[in-house]
There are 2 protein chains.
Amino acid sequence: MANKRVTLADVAAEAGVAVSTASLVLSGRGAAVRISTSSQQRVRDAAQRLGYRPNAVSVGLRKGHTSTLGFISDSVASSRLAGEMIKGAIEAARDRGFMVFVGETGGNTTLERQLLDAMFDRQVDGVILASMLTHGRDLPAELTRTPAVLLNIATEGDPALPVVLPAEHQAGRDAATTLVEAGHRDIHLIGAGPGPDDVRTISSAARQRLAGILEVLGENGLAPASGRDINQWLPPEGYRAASALLEKGVPGALLCFNDRLAMGAYQAVQERGLSIPGDVSVVSFDDASIAAWLHPGLTTFALPHRAMGKKAADLVVDVIEHDRRGTDQPAPGSGVHLIPMPKRDRDSVRHLNS
Amino acid sequence: MANKRVTLADVAAEAGVAVSTASLVLSGRGAAVRISTSSQQRVRDAAQRLGYRPNAVSVGLRKGHTSTLGFISDSVASSRLAGEMIKGAIEAARDRGFMVFVGETGGNTTLERQLLDAMFDRQVDGVILASMLTHGRDLPAELTRTPAVLLNIATEGDPALPVVLPAEHQAGRDAATTLVEAGHRDIHLIGAGPGPDDVRTISSAARQRLAGILEVLGENGLAPASGRDINQWLPPEGYRAASALLEKGVPGALLCFNDRLAMGAYQAVQERGLSIPGDVSVVSFDDASIAAWLHPGLTTFALPHRAMGKKAADLVVDVIEHDRRGTDQPAPGSGVHLIPMPKRDRDSVRHLNS
DNA sequence: CTGTTAGCGCATTCAC
DNA sequence: GTGAATGCGCTAACAG
């Protein structure tokens with residue numbers, strides 16, 4: 001099985017030089033220290049021939065850093081979107097030469113501490129702390145010992161750490177704008193509202209989406225035709241809310257707080273023989289995979305999870321490299337980074353004025 | 001920032017003993033080497049007081065192993081199910097004291113090699129190679145250098161490595177049995193069939209599910225009423241296939257090869273004003289999240305991704321620990337491990353005989 | 001220009 | 001019972 005790895009010493013022996021020479025050459029500083037071209041070539045050839053690869057563990061011990069990141073999340077499996085976030089982070093990390101440990105806490109704080117410890121034991125150079133449900137939380141104290149960034153986690157007050165969040169407020173504005181510009185006046189909210197404080201979930205997305213929506217509505221002299229504050233944003237709840245609305249007549253437009261609510265609303269509308277978007281328009285948030293599969297395709301504002309993961313990884317690496325450089329300039333990137341939520345324009349909105 | 005970690009030397013100094021003594025004590029062999037109880041206590045106290053944690057990188061260099069696994073997949077983000085697989089693996093690994101590097105190749109073989117190299121450089125003790133779409137493939141040669149297991153990857157012939165797969169064939173049998181026992185005779189296949197070789201996707205799941213289905217049908221003197229071989233198992237295809245069927249009359253039962261096809265079939269059936277399961281019964285595979293959200297709930301056989309991930313991690317660790325023990329008994333666990341696909345019994349099947 | 005030396009943090013012989 | 005010395009594979013001072 002383990003046919004021993006070839007070491008720097010092997011290469012040096014093969015090339016007939018000292019290990020330090022081999023080290024210099026292979027780290028690219030051969031020319032700078034003016035090692036003879038012939039020696040350099042011999043070392044390179046030997047390394048090539050033997051298939052030498054530096055032992056990262058040894059390098060890590062020696063240099064004190066490991067080109068390794070930790071990614072800790074409360075859940076990795078909740079949805080495709082969670083996967084996208086991890087994927088974005090892993091890919092960006094790899095592009096910068098980092099591997100990443102992934103851990104999942106299930107929301108358990110003890111476990112979180114243990115995972116952080118296990119990662120620090122392995123000398124990770126930085127940590128991404130992520131949540132799949134944006135909300136505020138206390139942060140473990142260890143996070144100050146190492147570069148860290150918060151991914152999809154809201155903090156109260158001014159965060160010392162970089163924070164990456166979706167631009168929920170702007171998405172709320174964009175969603176309302178979409179409906180208003182299509183000529184809709186009676187817009188029913190499903191998931192939160194109608195008042196700015198009618199928000200039941202701990203998800204801070206709800207509050208911000210709502211604020212954005214109300215802002216635009218207000219700017220156009222409108223208010224929500226109705227609002228339904230819901231704790232669990234799942235299809236059955238969307239179904240019930242839409243059904244209740246339909247009993248009282250045909251609502252012009254439904255602004256659902258996520259795609260699963262929208263899916264439930266679709267079911268209610270279509271079971272009554274009504275048409276989307278002919279009779280009722282629907283706009284939503286998230287761009288979960290069902291959004292594209294629904295009939296007709298659901299117009300929605302995508303949670304940019306992939307881009308968020310990438311941004312988070314880029315930020316930690318920025319901080320790491322900054323620290324390593326050891327300048328006394330301020331650490332880069334702290335503060336909140338809002339990632340835009342792009343519109344997925346499909347077929348669930350009717351344009352009244354065209 | 002980096003307020004230095006406390007090392008074994010710090011502990012030894014604090015306790016007033018030599019590092020080797022401290023090492024012995026903390027590795028639990030203090031009693032065996034008969035170190036004085038007082039020294040032992042002092043060392044333990046010091047370690048406690050200073051918050052000592054062994055540097056895993058150093059231990060890795062010294063002992064040659066790192067309590068670290070690599071998980072390489074062609075995609076981590078394709079669905080919630082992919083996440084479940086990773087989650088199962090990560091959790092099982094953690095329970096055994098291992099952290100895991102996660103990498104994603106997107107199907108790119110070069111990238112796969114690079115990731116494997118990066119992991120081997122970091123001295124991973126074992127590797128899980130996973131795919132989100134079961135099918136055969138060539139394996140990178142490096143895999144023989146380290147304990148490895150294949151997760152959701154089929155191999156031709158007798159694999160030298162442990163392989164973890166869903167019990168697709170049995171699930172095919174179970175799905176057909178469900179329909180037959182409910183009294184259905186005209187069973188239409190959507191996704192593959194009607195002949196045993198009418199399989200267009202590279203997914204080996206299709207072939208095995210089909211084989212299981214045909215077996216049970218045959219045992220009951222039946223054959224598929226029709227079959228529709230489809231390359232892309234997505235809702236639009238299911239919609240089209242079911243629509244075509246409905247033009248010729250009302251099929252009694254639809255056996256869909258996955259939930260997304262079933263979702264499309266639902267749309268076709270319900271748009272025609274027909275009822276599930278009143279007019280047509282539907283059974284499917286995967287248990288994607290939509291299966292529970294559809295109206296009525298879709299009876300389906302769940303891909304046990306979580307359990308598969310767990311099994312894979314347990315297997316690598318078994319092999320690692322076996323190798324480490326150095327006995328000359330055969331390596332454990334090689335061969336194929338089939339994980340059962342449990343039935344999610346919901347409301348899409350009508351029982352004709354009750 | 002190149003080789004020798006020391007040490008990153010730890011575990012393990014081997015003397016005392 | 002305990003401590004000093006050695007080396008895992010590598011890099012960085014320092015000599016030569």
Side-chain angles (χ1 to χ4, degrees), chain A residues 2 4-44 46-47 50-68 120-123 125 324 326, chain B residues 2 4-44 46-47 50-68 120-125 324:
Chain A
K4 250 188 8 261
R5 266 182 87 99
V6 351
T7 73
L8 228 208
D10 297 333
V11 175
E14 174 88 3
V17 299
V19 283
S20 58
T21 309
S23 174
L24 278 262
V25 172
L26 294 177
S27 63
R29 299 186 308 150
V33 202
R34 288 189 301 188
I35 288 177
S36 70
T37 332
S38 70
S39 288
Q40 294 206 41
Q41 206 42 254
R42 288 211 312 285
V43 170
R44 266 186 251 284
L50 268 37
Y52 169 74
R53 310 204 97 231
N55 180 330
V57 173
S58 178
V59 175
L61 181 58
R62 183 63 239 249
K63 310 230 286 202
H65 55 253
T66 51
S67 292
T68 289
F120 287 140
D121 289 351
R122 287 170 177 75
Q123 306 284 98
D125 297 330
R324 197 166 299 166
Chain B
K4 252 187 10 257
R5 265 183 88 99
V6 352
T7 72
L8 227 207
D10 296 333
V11 175
E14 174 88 3
V17 300
V19 282
S20 55
T21 309
S23 174
L24 273 287
V25 172
L26 294 176
S27 62
R29 297 186 310 149
V33 201
R34 288 189 300 188
I35 288 177
S36 69
T37 331
S38 70
S39 290
Q40 293 206 40
Q41 206 43 252
R42 287 210 314 286
V43 170
R44 266 187 253 282
L50 267 36
Y52 169 73
R53 310 204 97 233
N55 180 329
V57 174
S58 179
V59 175
L61 181 58
R62 180 67 240 251
K63 309 229 288 199
H65 56 253
T66 52
S67 293
T68 289
F120 287 140
D121 289 350
R122 287 171 178 76
Q123 306 285 98
V124 295
D125 296 330
R324 197 167 299 167

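Not measured: the values here are computed from a predicted model. In what follows, chains are A, B, ... by sequence order, proteins preceding strands, each numbered from 1.
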**Study point:** For B:Val57 against A:Thr66, the heavy-atom pair lying closest together
**Key:** CG2-CG2, 4.1 Å
Point to revise | Shortest non-hydrogen contact from A:Arg5 toward A:Asp10 | key: O-OD2, 4.1 Å
Practice item. Show your reasoning for whether side-chain contact (heavy atoms from CB on, under 4.5 Å) applies to A:Glu14 and A:Val6. Key: CA-CA 11 Å; A:Glu14 174 88 3; A:Val6 351; over 6 Å; no
**Study point:** With B:Arg53 via side-chain hydrogen bond (donor to acceptor under 3.5 Å, both in side chains) - residues at least two apart
**Key:** A:Asp121
Check your understanding: For DNA chain D, whose closest nucleotide is more 5', that of B:Ser58 or that of B:Gln40?
Key -> B:Gln40
Exercise for review: Heavy atoms only: give me the nearest B:Thr7-B:Tyr52 pair and the separation to one decimal.
Suggested key: C-CE1, 3.5 Å
Exercise for review: Under 4.0 Å between any heavy atoms, over every strand shown, what does B:Val33 touch: base, sugar-phosphate, or nothing? Just pick one.
Suggested key: base
**Study point:** Spacing between B:Asp121 atom CG and D:dG9 atom P, to the nearest angstrom
**Key:** 14 Å
Review point. Who are the side-chain hydrogen bond (donor to acceptor under 3.5 Å, both in side chains) partners of A:Gln123, not counting sequence neighbours?
Key: none
Review point. Base, backbone or nothing for each nucleotide of nucleotides 11-16 of chain D, written B, S, -, heavy atoms under 4.0 angstrom, 5' to 3'?
Key: BB----
Revision key, fill the gap. Residues at least two apart in sequence or cross-chain that pass side-chain hydrogen bond (donor to acceptor under 3.5 Å, both in side chains) with A:Ser38, listed by chain then number, are A:Ser36
Check your understanding: Under 3.5 Å, is there a donor-acceptor pair between the A:Arg122 and B:Thr68 side chains?
Key -> yes
For a quick test of your reading: what N or O donor-acceptor pairs under 3.5 Å do the side chains of residues 18-28 of chain A make, sequence neighbours left out?
from	atom 1	to	atom 2	distance (Å)
A:Ser27	OG	A:Ser23	O	3.1
A:Ser27	OG	A:Leu24	O	3.0

Check your understanding: Which residue pairs pass the side chain to side chain donor-acceptor pair (under 3.5 Å) test with at least one member in residues 54-64 of chain A, sequence neighbours excluded?
Key -> none
Practice item. If a pair satisfies salt bridge (Lys or Arg N to Asp or Glu O under 4.0 Å) and one of its residues is in residues 24-42 of chain B, list it, with sequence neighbours excluded. Key: none
Exercise for review: Ignoring backbone atoms, test whether B:Ser39 places a side-chain nitrogen or oxygen under 4.0 Å from the OP1 or OP2 oxygen of D:dG1.
Suggested key: no
Practice item. Send over the distance from B:Arg42 CZ to D:dG3 C1', rounded to a whole Å. Key: 14 Å
Revision key, fill the gap. So the contacted stretch of DNA chain C, first to last nucleotide with an atom under 4.0 Å from a non-hydrogen atom of chain A, runs from C:dC1 to C:dG9
Check your understanding: Bend across the helix from C:dC1-D:dG16 to C:dC16-D:dG1, to 10°, with axes taken over 5 pairs at each end?
Key -> 60°
